[in-house]
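Everything on this sheet refers to the single structure shown next.
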Amino acid sequence: MLLETLVLGDVGTFRGEQVLDLRPKTRAGKNRPVVLFGGLNGAGKTTILNSIRHVLYGRQALDVSVTQKGYEEILRGMIHNPPGQLIKPDQAYIELHFTYSRLGKKVRYKVIRSWIDRGSSVDETLTLTQNDEPKPLLTGDGAQAFLSQLIPAGVSQFFFFDGEKIAALARDDSDEVLADAIRRLLGLDMADRLRSDLGVFLRARKAATAMGEARKELEQLYAEIEAEKTAIGRAEADLQGPLTAELTAAKQGLERRKVALTEQGGAWAANRKSLEQRLDELSTQRVDLEERVREDLSGISIFALAPRLSSKLLEQAKAEHRQDEHRIAVKAVRRQADQLKALLSKALAKSGDSRALADACVDKWLGGIDRGVEKKFKPLHHFTASDFDRLDDSLRKQLPIALGTLRTIGQKLNSTATESIRVQDELAHAPTEESVEGAFSEYQLATRMVAELEMRNRMHVEGLRLRISNLINLIRKSKKLEDALEQSGVSANAEGLASRVQDMIADYKVAAAEAKCKTLERHFVTAFRRLARKEDIVDHAIIDASSFSVTLVDRHGRETPKKRLSAGEKQIFAIAMLEALAKTSGRNLPIIIDTPLGRLDSKHRAKLVESYFPFASHQVLVLSTDTEVDQAFYTGMRPSISHAFHLQFDETEGFTSVSQGYFWNHLELAHAA
């Protein structure tokens, strides 16, 4: 599959029609698979990922189930809504052009999903066109069924994903998220549904074998119907009479106890749990922020703790660099002078005085050339030129960025500490529990009484509902018995086939899981070794075919629990597993990845830039901020970049504009295609 063009019409922060060319280009005879989207947070990067998923899957693209009303609200929220504009758009559309190879033949498809807000409802339309034909190939549910079969939503999650998907896999120490992903990959959820449906079928067929006594059962049925009608009448009378009156009196008593408790300071007691819960949340936030500070200080930010020493280090490195350059220049000039002397010696070989005079002239010309070299200067670090360039870039360019991030975390940490002190102060100055114990006990007693009466009422209502449901079932049963009599002749053969299919599905699940897990292990180890900074951390991996838990084993045969990996290594683990799942699926789809480098350190980022993006797929769409793919990583990725787009959000007008290039490199990528 190759994504060609994405067209957004008044979607999210994109105003009007925006056309994005997603086809990777070939430059200097080399295929460049990466299409880079750069933008600050809120500029619309995630909108691009969500738009591609939405145009293909519609409601199926959502991570949670929603009602039709809820889905209409989501569609309404996706329409561009500029601030301060009197006439706002009431419709939007997404258009995607892509090619797909089917049976060795490339087919070009165009999918258009549009929707319009009519006030009381939102109307959505979907059309699918093949090979630029004027008439749509399919529309509506037919088009959706075709797309879901062409690119199953369960498989696409391994190819179209964002930082949250990576974070979920990274945090998944129990492997529950991974197990669900593997089941979707293997199609085991569909096999389970099929096996369950066959079980329902078998139960129905077995019940049909007892149809010889259908008439006797119908007579019993009529008696049960009359008994249920009588019981329902009594239950309705009880519900409308004493039960309701008793519950009303109990609620009034509860309200009086509540007023008394409030007057004695019980409002605090009622809120105590929420205050304690908030204090626990703040404590968790503080621990997380402190961990982030420690992670940041394990990188370039550590130099912020010694600014004077860092400056001296940089000055010393510059001085050594200058001395090294001067020494190299002096050596080069002296070599040239020796060659000049040799030439003059040949030319003046017959005149000894002239030769000495020529040598003296050259030596005089060389006099003082090494004045810039300090003979007593002793280098401390012996940096190479490339070491000096990296040190200079780190301390002058990357350190200020890292300090900005560290200050932001510090501000959040101070804010969390301030709020913790405030909550602790509220708890410290609150009245003691003993002072409201009496009123609180009475309130609790009244609450329990109301709860018991409400439970009794609910059970009574539930019993009434069950009786009504049973009555309906009894009335329907006669029809089912008649239908079962008609079909009883084919039950024996159908039961045998269904039972054998159930056994076959069970065997298939075991065999498929074992085979796929072996393939997944191989792809995962290959990807993890390529991406991990520590090359000896994983020699092989074992994925249990029943629980899908992952065990990492190093080259010494020692097991490495996933929870012992660092935060960055866990993200590398997640990305490697996503790549392995994608390869195991057997699908040749593009990769779309949104904000992938969130909490990776510089070395892990470099590994991802060098070893993942260029090789992840034939087409890789990377959506990033300037702090994720910064100038250094951009330079490393440049040989694999086809072209780039820069997304800029106008705060005043409230829309995103799209231009060629990536932050600081607009002209280069705009004209290099």
Side-chain angles (χ1 to χ4, degrees), residues 3-23 35-59 61-62 70-98 110-127 129 160 162-163 592-595 621-626 628-629 642-667 669-670 673:
L3 302 176
E4 294 184 345
T5 308
L6 176 66
V7 182
L8 303 176
D10 282 322
V11 177
T13 59
F14 294 92
R15 183 171 69 181
E17 183 176 272
Q18 299 287 341
V19 181
L20 304 175
D21 182 6
L22 306 181
R23 290 169 293 192
V35 179
L36 185 60
F37 288 83
L40 302 179
N41 292 331
K45 300 186 302 298
T46 303
T47 300
I48 293 174
L49 170 63
N50 290 340
S51 295
I52 293 175
R53 295 177 60 186
H54 186 74
V55 73
L56 291 174
Y57 304 111
R59 192 166 172 177
L62 302 176
Y71 180 56
E72 289 180 5
E73 283 302 315
I74 292 172
L75 290 177
R76 194 174 278 120
M78 290 174 65
I79 299 175
H80 181 58
N81 186 19
Q85 189 168 318
L86 294 178
I87 301 177
K88 299 183 179 181
D90 60 357
Q91 55 187 320
Y93 63 90
I94 306 170
E95 181 178 323
L96 180 66
H97 299 253
F98 66 92
K110 178 174 72 174
V111 187
I112 302 177
R113 190 182 295 270
S114 61
W115 58 98
I116 181 170
D117 182 6
R118 302 192 183 279
S120 59
S121 65
V122 178
D123 295 339
E124 184 182 51
T125 58
L126 174 64
T127 61
T129 305
F160 309 156
D162 55 15
I592 307 174
I593 180 167
D594 182 15
T595 56
L621 273 58
V622 180
L623 304 116
S624 173
T625 64
D626 59 340
E628 286 192 297
V629 177
S642 164
H643 56 287
F645 296 99
H646 185 204
L647 311 180
Q648 290 180 290
F649 182 71
D650 188 318
E651 297 283 353
T652 304
E653 296 293 331
F655 75 94
T656 295
S657 61
V658 183
S659 58
Q660 289 283 341
Y662 184 77
F663 289 105
W664 51 84
N665 262 20
H666 288 82
L667 294 178
L669 287 176

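Just so it is clear, the structure is predicted and the values come from calculations on it, not from any experiment.
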Requested in this report: Keeping the roles fixed (side chain from Ser642, backbone from Val35), state whether a donor-acceptor pair exists under 3.5 Å.
Outcome: no
Query - Distance, nearest 0.5 Å, that separates OG1 of Thr47 from CD1 of Ile52 - result: 11.5 Å
Query raised in the report: What's the spacing between Leu3 CG and Arg23 CZ if we round to 0.5 Å?
Result: 11.5 Å
Query - Exercise: identify the closest heavy-atom pair between Tyr662 and Thr625 - result: OH-O, 3.1 Å
Query - Approximate separation, where rounding is to 0.5 Å, of Ile592 CD1 and Leu22 CG - result: 8.0 Å
Query raised in the report: Does Lys45 reach the main-chain N or O of Gly39 with its side chain, forming a donor-acceptor pair under 3.5 Å?
Result: yes
Query raised in the report: Looking at residues at least two apart in the chain, or sitting in another chain, which of them share a side-chain contact (heavy atoms from CB on, under 4.5 Å) with Gln18?
Result: Phe14, Val658
Query raised in the report: Closest approach of Ala43 and Thr13, non-hydrogen atoms and distance?
Result: O-OG1, 3.7 Å
Query - Euclidean distance, Leu647 CG relative to Ser659 OG, rounded to 0.5 Å - result: 8.0 Å
Query raised in the report: Is the backbone N or O of Val629 less than 3.5 Å from a side-chain atom of Ser624, with the two atoms forming a donor-acceptor pair by type?
Result: yes
Query raised in the report: How are the rings of Tyr71 and His54 set relative to one another: parallel (under 30°), tilted (30 to 60°) or perpendicular (over 60°)?
Result: tilted
Query - For the student: nearest non-hydrogen atoms of Tyr93 and Trp115, plus distance - result: CA-CZ3, 4.4 Å
Query - Residues Glu17, Val7; criterion side-chain contact (heavy atoms from CB on, under 4.5 Å); working and verdict - result: CA-CA 7 Å; Glu17 183 176 272; Val7 182; 3.6 Å; yes
Query raised in the report: Quick one: CD on Glu124 to CZ on Arg113, what's the gap to the nearest 0.5 Å?
Result: 5.0 Å
Query raised in the report: Of all residues at least two apart in sequence or in a different chain, which pass the side-chain contact (heavy atoms from CB on, under 4.5 Å) check with Thr125?
Result: Ser114
Query - Distance-minimising heavy-atom pair for Val11 and Ala92 - result: CG2-CB, 4.1 Å
Query raised in the report: Could you walk me through whether Leu8 and Ile94 pass the side-chain contact (heavy atoms from CB on, under 4.5 Å) check?
Result: CA-CA 5 Å; Leu8 303 176; Ile94 306 170; 4.1 Å; yes
Requested in this report: Rounded to the nearest 0.5 Å, what's the gap from CG on Asp626 to CG on Leu40? Could you check?
Outcome: 5.5 Å
Contacts under 3.5 angstrom, residues 75-82 side chains, donor-acceptor by atom type, not counting sequence neighbours:
from	atom 1	to	atom 2	distance (Å)
Arg76	NE	Asp117	OD1	3.2
Arg76	NE	Asp117	OD2	3.1
Arg76	NH1	Glu73	OE2	2.4
Arg76	NH2	Asp117	OD1	3.3
Arg76	NH2	Gly119	O	3.4
His80	ND1	Gly12	O	2.9
Asn81	OD1	Lys88	NZ	3.2

**Report entry** Nearest heavy atoms of Val55 and Val111, plus distance in Å
**Finding:** O-CG1, 3.6 Å
Requested in this report: With Asp594 as reference, evaluate Thr46, Ile48, Val622 under the side chain to side chain contact (heavy atoms under 4.5 Å, CB included) test and give the passing residue.
Outcome: Thr46
Query raised in the report: Are any side-chain N or O atoms of Asp21 and backbone N or O atoms of Thr5, one a donor and one an acceptor, separated by less than 3.5 Å?
Result: no
